[in-house]
Amino acid sequence: MAKTAKQTKLKTGKSATPDAEEWLTMYEQMVRIRRFEERVNLLYTSAKMPGLAHLYIGEEAIAVGVCSVLNPEDYITSTHRGHGHCIAKGADVDIMFAELLGKAAGYCKGKGGSMHIADQANGNLGANAIVGGSAGIAVGAAFSAQRLGNGRVAVCFFGEGAMGQGFLAETMNLAQLWKLPVIFVCENNMYNEYTHFSETTAGNPADRARALGIHTEEQDGQDIRVVYETALAAVERARRGEGPAFLMFHTYRYHGHHVGDINREYYRSKEEERDWVENRDPLALFADWLLAKKLTDRGVLDGIEAEVKEEVERGAQFALDAPYPDPSEVSTNVYA
Amino acid sequence: MAKTAKQTKLKTGKSATPDAEEWLTMYEQMVRIRRFEERVNLLYTSAKMPGLAHLYIGEEAIAVGVCSVLNPEDYITSTHRGHGHCIAKGADVDIMFAELLGKAAGYCKGKGGSMHIADQANGNLGANAIVGGSAGIAVGAAFSAQRLGNGRVAVCFFGEGAMGQGFLAETMNLAQLWKLPVIFVCENNMYNEYTHFSETTAGNPADRARALGIHTEEQDGQDIRVVYETALAAVERARRGEGPAFLMFHTYRYHGHHVGDINREYYRSKEEERDWVENRDPLALFADWLLAKKLTDRGVLDGIEAEVKEEVERGAQFALDAPYPDPSEVSTNVYA
Amino acid sequence: MSTPSAEKTGARVLTMGEAIREALAEELRRDPTVFVMGEDVAEAGTAFKVLLGLVDEFGPERVIDSPISEPGITGLGVGAAMTGMRPVIDIMFGDFITLTMDQMVNQAAKIHYMSGGKLKVPMVLRTTMGASRRSAAQHSQSLHAWFSHVPGLKVVVPSTPYDAKGLLKTAIRDDNPVAFFEDKMMYQLKGEVPEEEYTIPFGVADIKRPGTDITIVATSSMVQVSLAAAEMLAEIGIEAEVVDPRTTFPLDKEAIIESAKKTSRAIVVDEGYQRYGVTAEIASVIADGAFYYLDAPVKRIGAMDVPIPFSPALEDLTVPTADSVVETAKALCGRN
Amino acid sequence: MSTPSAEKTGARVLTMGEAIREALAEELRRDPTVFVMGEDVAEAGTAFKVLLGLVDEFGPERVIDSPISEPGITGLGVGAAMTGMRPVIDIMFGDFITLTMDQMVNQAAKIHYMSGGKLKVPMVLRTTMGASRRSAAQHSQSLHAWFSHVPGLKVVVPSTPYDAKGLLKTAIRDDNPVAFFEDKMMYQLKGEVPEEEYTIPFGVADIKRPGTDITIVATSSMVQVSLAAAEMLAEIGIEAEVVDPRTTFPLDKEAIIESAKKTSRAIVVDEGYQRYGVTAEIASVIADGAFYYLDAPVKRIGAMDVPIPFSPALEDLTVPTADSVVETAKALCGRN
Ligand SMILES: Cc1ncc(C[n+]2csc(CCOP(=O)(O)OP(=O)(O)O)c2C)c(N)n1
Ligand SMILES: Cc1ncc(C[n+]2csc(CCOP(=O)(O)OP(=O)(O)O)c2C)c(N)n1
Ligand SMILES: [Mg+2]
Ligand SMILES: [Mg+2]
């Protein structure tokens, strides 16, 4: 499928001061994530999607900011809330939609679904439905990069809830011990499903990384410029062999824990939701800055909107029309 | 069995300034651990003991200092290197020997052995052969104490190697979140089996507890007065409902990782061993102080030595002469 | 062998979810040492909403939201159980028991035995099983075979609201660690549950449908599948006896063997992976115990030996269905 | 069905430990992406000294001492395997695979399938099994049934130095996660191992002793036990055929069934717990596949279904012995 809006991909060798075109590409990616997920929600509410999905809307600046400092061959691992990371790392929305609908054309031939999209051509080692479960994969990928000397880095995305998993702590220890080029990106959206993280987390998650001697930053995750800058510094350190980093970004998911989580007032207030949406929206903040700095104008932004919207709609249709995998697929790929 | 030397047990309600008698009881317990373990080593080298054992010699001040601030009904959990904790919490050496030899008279009817002695009458919830594995038990016991409101505390002993286990990190988070009365006692003897802990541990273990907001102390584990004081403060905090503590004590095991670990030069030097034995021996340091402060005299200390030695020898003989469990025991106690 | 359906006194109909909630509520009311702990069990009432409302009656001190720390909370449960409490630990998806294996198997299952019968671990681990929810490979497994393999554990796999309630109450009162597997797809299944208090003993199979021509031993939701199959078989004159062991350990071998002797043909149906799974044990028990009575080999129907695929087109191929049971039964009865 | 003993070309005798070390050395030499990681694997050469010397040839970059983090190093192995390396992860005692279940089962086993065949995980988890070392309940289990249950994993249980070497080399070259179980009591077992390079394919049973009267299917050290039993049986005129599947998955059903058809009687011997264990699968495969040829029920001999006791007086009762195999065989052949 043609994806016109997507053709302005970031070049490799990341600039500390992206130019207008680069910023606009990031903006476009953020729009792409948002429109993709709105369409996913529609697929769910119109009963066209099997199972559930966990929407990333509200957190787009993190995935895009971080992945924009990576090269295509750099690795990421992702979570149950993984569409944003996947798109930000370069995946095509049509093939993603196909995966979400369990179609043969999907990234995993329909075998993975929303929580398991892997796109190894773009360095995405997979979303993961075990909270914290991908940390070993990210650290292992960084281990490979170090041993093979190929200069790659690995980024491990996870929510603050994953800090409950000792497994994550173990892998952070390994990473720091051996100075592996891995960046732990903690997306702190304040909720573990339906429980506020202060009820599950002693102390500040970032301090746990500091205790290991890991380079640690705690930043606003709604401002992509902050995310970009923070991630770039961490990735450059890692590439220089100076070891891992732990970046905690404060953020918010606008929707429920998953698409079916509609009535949320028992665990968080409408006011809180409204405050984030109205005052801290990563797309709005970014657009305002781009306009204020005169790096673009409304017309260009509207053009991106229109193109992405069309791309997303085409992608969804492609997936809806696509065939399911052949029944024989059920028993292939069990063993390599 | 009569155990004359043991009759001067510490009374409950621990003093911030133990009197001479109390200090001497602690001294006696340290001597008891040392002589017991020397005898264990002899049982091994004379091929009288099945399996292996991990000697605690060199670390006695920690077990005795900590357990001396506890009441009998307070809980401890212990490790593969558990004889010291077991004795310090009040176990009888004859029944311990019997367990080590797999005899029916042992604490666990011979079913547990060196690595699994449990003595629930004295609050010892068991040694544990899974590194870090007992942390949940200790935290759970503290949870019970809090919920049942019985004022007990739980002490979790473990080596610095257990800091590699994410499980321990998880349970520390739970303990701090819920302000459970549990004291994590990290016996940092610098070696995980045959590997120096600096090769396995990023940062300072104590900082990991600090990052959770846990009351943390890092102290000399060879000076029982320091251990006693540090533990007393932690236990009092916990009893007041102020939550857990993490106490890291620096120490050294004089013998090998287990009784069969004889040639150790590939992982640690004879000089290092000699330095600890000659200059930082917890018994010698304690005796010197008791004498310098005129809290006792050489005759009393010699008397303790003699009595304990005899008690230990009697205990070993008791165990050697004791019968094995009846074969029918193999399938009892699988279910309660 | 009992047929509790005969004992039903009321005509009250509950869903399986409601029956489970009622069992927990009754036991929480009856025994102040019972508590429930797990991720999102309190206000959210679990991801499946099964516990909704319990926190209102019993408060957050007894229905406790935990961090995402399956190993940690299981370990806490072990320790709490050893010291006077009766924990019910909620593990959201059965797939996550992978994270609890050390605490369940090396601690909970062995402590009573290793301590020579002194300590005991009266805890329940409640978790789920079953595919068909389009949740993909990490949220669809039925891993009860693992726990069934381990001496020291008991394993419950209820198939009706009536059984679920009575067996869960028995589990909570049992002095041993019990793993209780609830099929996610059965939470809405309705069935009669008397108002009156009752419990159901472990190790007593229930003949869910009497028959003379073939024995179908089935667990959990496969009982429902087998009952449907039995109806279809009845139409062609094959009367199937559906035997529900209700607990995989203790296993009511006698009832299973007696039925097979009577019918001289047997099929075992279970939703775990077929290979080295529950069907293997039960089939070999029958093949041995009813050897001289069998007219045909015992057949096994488990989940297909593949990771569970996301796509509905594939997932539905992996679980045993009434059709597959009917086909197998017909073949065994020489009716193809 | 092959009989590799015929292929042996040299008369060189190695212990099983030496054969394993040699396999690793050869593969480390052959393929720079192979590395070994585990606790005390380098200078100490593992707790069993099996890897002694490897670090001298390959350096600490390829024979890597790890923290005590079984989940973490297994996870690192998964990620490294996905990105170009061939990790051999060393888990000291098979009992500790409890800690690796999530990474092995939810990650390693499923990644190839979930990704629709794009990613693969060519890693080996080497661990131990077997009791009789007076190591008690947490250091004596044979838990290979669990991994055998899981689609996506392969499981190796070698019984001779020859097999161990050839199978380990195959495991390292396999593109899938392989669990390799070494019986601790067999490390000193001697056997012929040719100087020449060879590998042994998975899923090919080996007839360790031909016979006509009864089939004994045995795994790992139980092959040695069964061979001893076969000698004893021969003295009373019963010629037992000892079939060693060598891998529990893939399982050479054909060879096993053929042998049972030929002899019309079968026993399955494995050192895992009997209940829901390896013997159940193999026995039900035979009972089904050879149904019309069997003169007696298939009998199973596993470890006694109890936690493994420490006391020698009890432990020895829990493992299958040549005597117990002989008794069972005699009974099956109507010779009591
Ligand atoms: C090991 C494990 N435990 C529990 C779950 C169920 N679960 C899925 S998402 C989630 C909350 C995750 O919270 P967080 O890590 O903060 O990520 P977020 O959803 O906020 O992005 C939980 C408990 C799981 N998938 N894996
Ligand atoms: C989970 C687990 N992994 C590995 C081992 C093997 N092992 C026994 S003791 C030990 C080292 C423990 O070191 P540390 O915790 O510092 O205690 P120390 O022996 O120094 O007292 C290891 C790796 C084990 N028993 N359990
Ligand atoms: Mg969150
Ligand atoms: Mg140590």
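We name chains A, B, ... by the order of the sequence lines, and we start the count at 1 in each one.
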I'd like to verify something: which residue of C:Glu315, C:Arg134, C:Met304 has the highest number of heavy-atom pairs under 4.5 Å with chain A?
C:Arg134
C:Ser69 versus A:Gly164, closest heavy-atom pair with distance:
OG-O, 2.6 Å
Count the heavy-atom pairs under 4.5 Å between each of A:Ser114, A:Ala129, A:Gly51 and chain C, then report the option with the highest count.
A:Ala129
Using non-hydrogen atoms only, which part of C:Phe93 is less than 4.5 Å away from chain A: side chain, backbone, both, or neither?
neither
Measuring from atom CD1 of C:Ile68 to atom CD of A:Glu160, what distance do you get when rounded to the nearest 0.5 angstrom?
7.5 Å
Pairs of heavy atoms under 4.5 Å with chain C: top-ranked of A:Gly106, A:Ala104, A:Pro325
A:Pro325
Who among C:Asp95, C:Asp65, C:Thr318 has the most heavy-atom pairs with chain A under 4.5 Å?
C:Asp65
In terms of heavy-atom pairs under 4.5 Å with chain A, which of C:Leu314, C:Ile308, C:Asp40 leads?
C:Asp40
Taking the side chain as everything from C-beta on, heavy atoms only, tell me whether A:Pro327 gets closer than 4.5 Å to C:Leu317.
yes
Would you list the atom pairs, donor with acceptor, under 3.5 Å between side chains in residues 96-103 of chain A and any protein atom, with sequence neighbours excluded?
residue, atom, partner, partner atom, Å
A:Glu99, OE1, A:Tyr107, N, 3.1
A:Glu99, OE1, A:Cys108, N, 2.6
A:Glu99, OE1, A:Lys109, N, 3.3
A:Glu99, OE1, A:Gly110, N, 2.9
A:Glu99, OE2, A:Gly110, N, 3.3
A:Glu99, OE2, A:Lys111, N, 3.4
A:Glu99, OE2, A:Gly112, N, 2.9
A:Glu99, OE2, A:Gly113, N, 2.7
A:Lys103, NZ, A:Ala319, O, 2.9
A:Lys103, NZ, A:Leu320, O, 3.1
A:Lys103, NZ, A:Ala322, O, 2.9

Of the backbone (N, CA, C, O) and the side chain (C-beta and beyond), which part of C:Asp316 lies under 4.5 Å from a heavy atom of chain A, both, or neither?
neither
What distance separates C:Gln138 CD from A:His80 NE2, expressed to the nearest 0.5 Å?
12.0 Å
Shortest non-hydrogen contact between A:Tyr324 and C:Pro312, atoms and distance:
CE2-CD, 4.3 Å
Between A:Asp326 and chain C, with a heavy-atom cut-off of 4.5 Å, which part of the residue counts as in contact: side chain, backbone, both or neither?
backbone
Provide the closest heavy-atom pair for C:Ala136 versus A:His116 in the form atom of the first, atom of the second, distance.
CB-CD2, 3.5 Å
Heavy-atom closest pair, residues C:Pro309 and A:Val330:
CG-CG2, 4.2 Å
Checking heavy atoms, do the side chain of C:Ala44, its backbone, both or neither come under 4.5 Å from chain A?
both
For C:Pro71 and A:Gln165, which heavy atoms make the closest approach, and how far apart are they?
CD-OE1, 4.2 Å
Nearest atoms (heavy-atom pairs only) where C:Asp305 meets A:Val334:
O-CG1, 4.2 Å
Heavy-atom distances under 4.5 Å only: say whether A:Tyr335 touches chain C with side chain, backbone, both or neither.
side chain
Distance under 6.0 Å and angle within 45° of ring axis: C:Lys49 vs A:Tyr194:
yes
